Amino acid sequence: MENADHSTETGTATSSTETGTATSSTGTGTATEPGRPSPDLAALARDARALTRSARGLRGPRVVLGLAGPPGAGKSTLARALVAEIGAAAAYLPLDGFHLSNAQLERLGLTSRKGSEPSFDVYGYVALLRRVLDDTATGLDIYVPDYDRTLHEPVAARHRVPPTARIVVTEGNYLACDLPGWRAARELMAACWYVDAPRDVRQKRLVERQLAGGRGVTEARAWVADNDAPNGELVEESRGRCERILSTIGMDMFN
């Protein structure tokens, strides 16, 4: 299956920081020592809600929280869990909805690199983020696309941002990358948290994802090695542009 970053693992997430202390490789926080307690989902949700207070007045009443990280780290699992924990004040906006269609990938010669940085409509993504932040007074729903893992194509309007939403949680591999288009996306986020997992865990998840999508074992492993791995290496360079580092190991997101 293609590299649409929908984590299906009903896994776990922890933070490498104590609640209220952002970890950043740029020096804006202090890393938690291994083995120390980490925030649970409720604590992360409180920190997310706090963004609406700290960012109020910068652009409007709504803020965007980004979750960046390499393929297989558990970004979509954590994003959906955060939205559920926050409730009606939150909405989900996955980058995966901005995959280019298979027809466009073929035209561009990117079929074998589906899920790579140039295989997304980053400027369409930026336009939707701007609309989410600016279009808060109409009382209308804003519809959000997603990627369908059965059709292997992006689909329109699978999710929505209701008028009540004050925090929009968006997730995807490249949200913090220092590249054209992605820089503009990052500037629209009140914060971006980096979601990580050990490389062997990510590789196991990614191979299982390809097997579930119909590839054979050899083909699945080759896809992960030739596509997911280089994508992950690019994403890893963006860690320092995130305020906080989270791990998807150790916190039950479904209690």
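For clarity, every value in this text was computed on a predicted model and none was experimentally measured. This chain uses plain numbering: 1 for the first residue, then up along the sequence.
- To the nearest 0.5 Å, atoms NE2 (His159) and CG (Asp141) are separated by 14.0 Å.
- Here Leu110 sits in one hydrophobic cluster together with Leu100, Leu105, Leu108; the rule is ILVMFWY side chains under 4.5 Å apart, joined directly or through other members.
- Arg130 pairs by the salt bridge (Lys or Arg N to Asp or Glu O under 4.0 Å) definition with nothing, not counting sequence neighbours.
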Check against side chain to side chain contact (heavy atoms under 4.5 Å, CB included), Val122 and Phe98 = CA-CA 7 Å; Val122 62; Phe98 293 88; over 6 Å; no
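- In terms of the side chain to side chain donor-acceptor pair (under 3.5 Å) criterion, Asp226 has no residue partners (sequence neighbours excluded).
- Contact check for Arg131 versus Val161: no side-chain heavy atoms found under the 4.5 Å cut-off.
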request  = Please report the C-alpha distance between Val63 and Arg166 in whole Å, then the side-chain angles of each, then the deciding distance to 0.1 Å, and finally whether the side chain to side chain contact (heavy atoms under 4.5 Å, CB included) criterion is met.
outcome  = CA-CA 6 Å; Val63 298; Arg166 289 298 172 261; over 6 Å; no
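- Trp223 has its side chain out of reach of Arg209: every pair of non-hydrogen atoms, C-beta onward, lies at least 4.5 Å apart.
- Salt-bridge check for Arg239 with Asp196: passed, with a basic side-chain N closer than 4.0 Å to an acidic carboxylate O.
- For Pro230, the side-chain contact (heavy atoms from CB on, under 4.5 Å) partners at least two apart in sequence or on another chain are Arg113.
- The nearest pair of heavy atoms linking Pro71 to Gly232 is CD-CA, 3.7 Å.
- In this structure, Leu151 belongs to a hydrophobic cluster whose other members, linked by side-chain heavy atoms under 4.5 Å apart, are Val155.
- The two residues Arg49 and Ile86 come nearest to each other via the heavy atoms NH2-CA, 3.6 Å.
- Ion pairing between a basic and an acidic side chain is recognised when a charged N comes within 4.0 Å of a carboxylate O; Glu187 and Arg241 show no such pairing.
- Atom CG in Leu211 sits 11.0 Å away from atom CG in Leu206 (nearest 0.5 Å).
- Under the 3.5 Å distance criterion, the side-chain polar atoms of Thr136 are left unmatched by any main-chain donor or acceptor of Pro61.
- Of all heavy-atom pairs between Cys242 and Ala176, the closest is SG-CB, 3.6 Å.
- In terms of heavy atoms, Pro154 sits closest to Gly97 at CB-O, 3.7 Å.
- With sequence neighbours left out, Glu237 forms a side chain to side chain donor-acceptor pair (under 3.5 Å) with no residue at all.
- Side chain of Asn227 to main chain of Ser116: no donor-acceptor pair is present (N/O by atom type, distance under 3.5 Å, no hydrogens or angles).
- One finds the CD atom of Glu171 at 5.0 Å from the OG atom of Ser76 (value rounded to the nearest 0.5 Å).
- Residues passing the salt bridge (Lys or Arg N to Asp or Glu O under 4.0 Å) test with Glu219 are Arg215, sequence neighbours excluded.
- Side-chain atoms of Arg158 and Pro145, non-hydrogen and from C-beta on, never get closer than 4.5 Å to each other.
- Aromatic ring pairs are classed by plane angle as parallel below 30°, tilted from 30° to 60° and perpendicular above 60°; the pair Phe120 and His99 is tilted.
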inquiry  = Does Val169 form a side chain to side chain contact (heavy atoms under 4.5 Å, CB included) with Trp193? I'd like the steps, not just the answer.
reply    = CA-CA 11 Å; Val169 181; Trp193 299 347; over 6 Å; no
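- Side chains of Val64 and Leu51 form no contact here, defined as non-hydrogen atoms less than 4.5 Å apart.
- Residues passing the side-chain contact (heavy atoms from CB on, under 4.5 Å) test with Ala185, sequence neighbours excluded: Tyr125, Val126, Leu129, Met189.
- Within the 4.5 Å cutoff, side-chain heavy atoms of Arg107 are placed close to those of Gln104.
- Listed by chain and residue number, nothing satisfies the salt bridge (Lys or Arg N to Asp or Glu O under 4.0 Å) test with Arg62 (two or more places apart in sequence, or in another chain).
- With sequence neighbours excluded, the residues satisfying side-chain contact (heavy atoms from CB on, under 4.5 Å) with Val235 are Pro70, Asn173, Tyr174, Tyr194, Ser238.
- Side-chain atoms of His152 and Asn102 form no donor-acceptor pair, as typed in the model, at a separation below 3.5 Å.
- Between Lys204 and Glu208, at least one side-chain nitrogen of the basic residue sits less than 4.0 Å from a carboxylate oxygen of the acidic one, meeting the salt-bridge criterion.
- Remark: Thr138 pairs with Asp135, Leu140 by the side-chain contact (heavy atoms from CB on, under 4.5 Å) rule, at least two apart or across chains.
- Taking CZ of Arg186 as the start and SG of Cys177 as the end, the distance is 11.5 Å to the nearest 0.5 Å.
- The line from CG of Leu67 to CG of Leu175 is 8.0 Å long, rounded to the nearest 0.5 Å.
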request  = Apply salt bridge (Lys or Arg N to Asp or Glu O under 4.0 Å) to Asp47 and Arg244, showing your working.
outcome  = CA-CA 11 Å; Asp47 291 348; Arg244 190 170 190 169; 2.7 Å; yes
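- Residues forming a salt bridge (Lys or Arg N to Asp or Glu O under 4.0 Å) with Glu236 (at least two apart in sequence, or on another chain): Arg199, Arg202.
- Checked options Asp146, Val83, Val168; the residue passing with Leu93 is Val168 (criterion: side-chain contact (heavy atoms from CB on, under 4.5 Å)).
- In this structure, CZ in Arg183 is found 5.0 Å from CG in Asp178, a value given to the nearest 0.5 Å.
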key: Working for side chain to side chain contact (heavy atoms under 4.5 Å, CB included), residues Ile167 and Leu65   = CA-CA 7 Å; Ile167 180 164; Leu65 167 63; 4.2 Å; yes
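- No side-chain heavy atom of Leu188 sits under 4.5 Å from any side-chain heavy atom of Val132.
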